[in-house]
Novice: 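The structure is given below, and queries will be raised subsequently.
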Amino acid sequence: SQPDWGTLPMAEPESWRFHLGVDGSGNVIFALPVEVPGKLEEAAPLLRLLRQVRFAPLSEERITWGEATVAGSPDAAS
């Protein structure tokens, strides 16, 4: 199942960047916030949702590394 982004209480239109590691099956096996050392507790719900994201599987079994950005919207708070 895909993550339910509507459950996030993102009252501020803030962007969060994460380092991601995705295995050959398309599962997120590593997610670490970028540049938010004082806000790790606020990032926890986002980390849980990112771990639920599934990407298309690859033909080889290796870890693919990248970054993802999650951005809040002023409309999401209403």
Side-chain angles (χ1 to χ4, degrees):
S1 68
Q2 290 294 314
D4 181 4
W5 298 101
T7 62
L8 285 177
M10 292 186 74
E12 296 180 25
E14 184 172 10
S15 292
W16 292 79
R17 289 187 317 137
F18 294 88
H19 293 292
L20 295 182
V22 179
D23 68 12
S25 299
N27 299 311
V28 176
I29 58 170
F30 179 86
L32 181 69
V34 177
E35 299 176 11
V36 290
K39 297 183 173 186
L40 199 51
E41 287 182 25
E42 293 177 35
L46 290 169
L47 289 167
R48 282 192 292 276
L49 288 172
L50 284 170
R51 292 291 309 258
Q52 295 175 29
V53 172
R54 298 295 176 258
F55 293 92
L58 299 172
S59 58
E60 64 252 12
E61 284 295 318
R62 64 180 177 93
I63 297 175
T64 301
W65 297 96
E67 281 192 8
T69 301
V70 178
S73 164
D75 299 333
S78 54

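All values reported here derive from a predicted model rather than from experimental measurement.
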Novice: Could you pull out the closest heavy-atom pair between V28 and L50, with the gap in Å?
Specialist: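 Residues V28 and L50, closest heavy atoms: CG2-O, 3.4 Å.
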Novice: Give the minimum heavy-atom separation between R54 and R51, together with the two atoms involved.
Specialist: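 Taking R54 first and R51 second, the nearest heavy atoms are NH1-O, 2.9 Å.
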Novice: Please give me the minimum heavy-atom distance between E60 and R62, naming the atom from each residue.
Specialist: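 Heavy atoms only, the tightest pair is OE2-NE, 2.6 Å.
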Novice: Donor-acceptor pairs are to be reported for all side-chain atoms of residues 19-26 against protein atoms at under 3.5 Å, with residues two or more places apart or in another chain.
Specialist:
from: D23; atom 1: OD1; to: S25; atom 2: N; distance (Å): 3.0
from: D23; atom 1: OD1; to: G26; atom 2: N; distance (Å): 3.1
from: D23; atom 1: OD1; to: N27; atom 2: N; distance (Å): 2.9

Novice: Verify the cluster assignment for I29 and L32: are they in a single hydrophobic cluster under the rule of side-chain heavy atoms below 4.5 Å apart?
Specialist: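 Same cluster.
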Novice: Looking only at heavy atoms, what is the nearest atom pair of P33 and L47, with distance?
Specialist: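 Looks like CD-CD2, 4.0 Å.
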Novice: Name all pairs fulfilling the ring-ring contact (aromatic ring centres under 6.0 Å, His included) condition that reach into residues 41-71, sequence neighbours left out, sorted by first residue then second.
Specialist: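 As it turns out, the ring-ring contact (aromatic ring centres under 6.0 Å, His included) pairs with a partner in residues 41-71, which skip direct neighbours, are F30-W65.
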Novice: For E67, enumerate each residue passing the salt bridge (charged side-chain N to carboxylate O under 4.0 Å, His left out) test, keeping only those at least two apart in sequence or located in another chain.
Specialist: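 R17.
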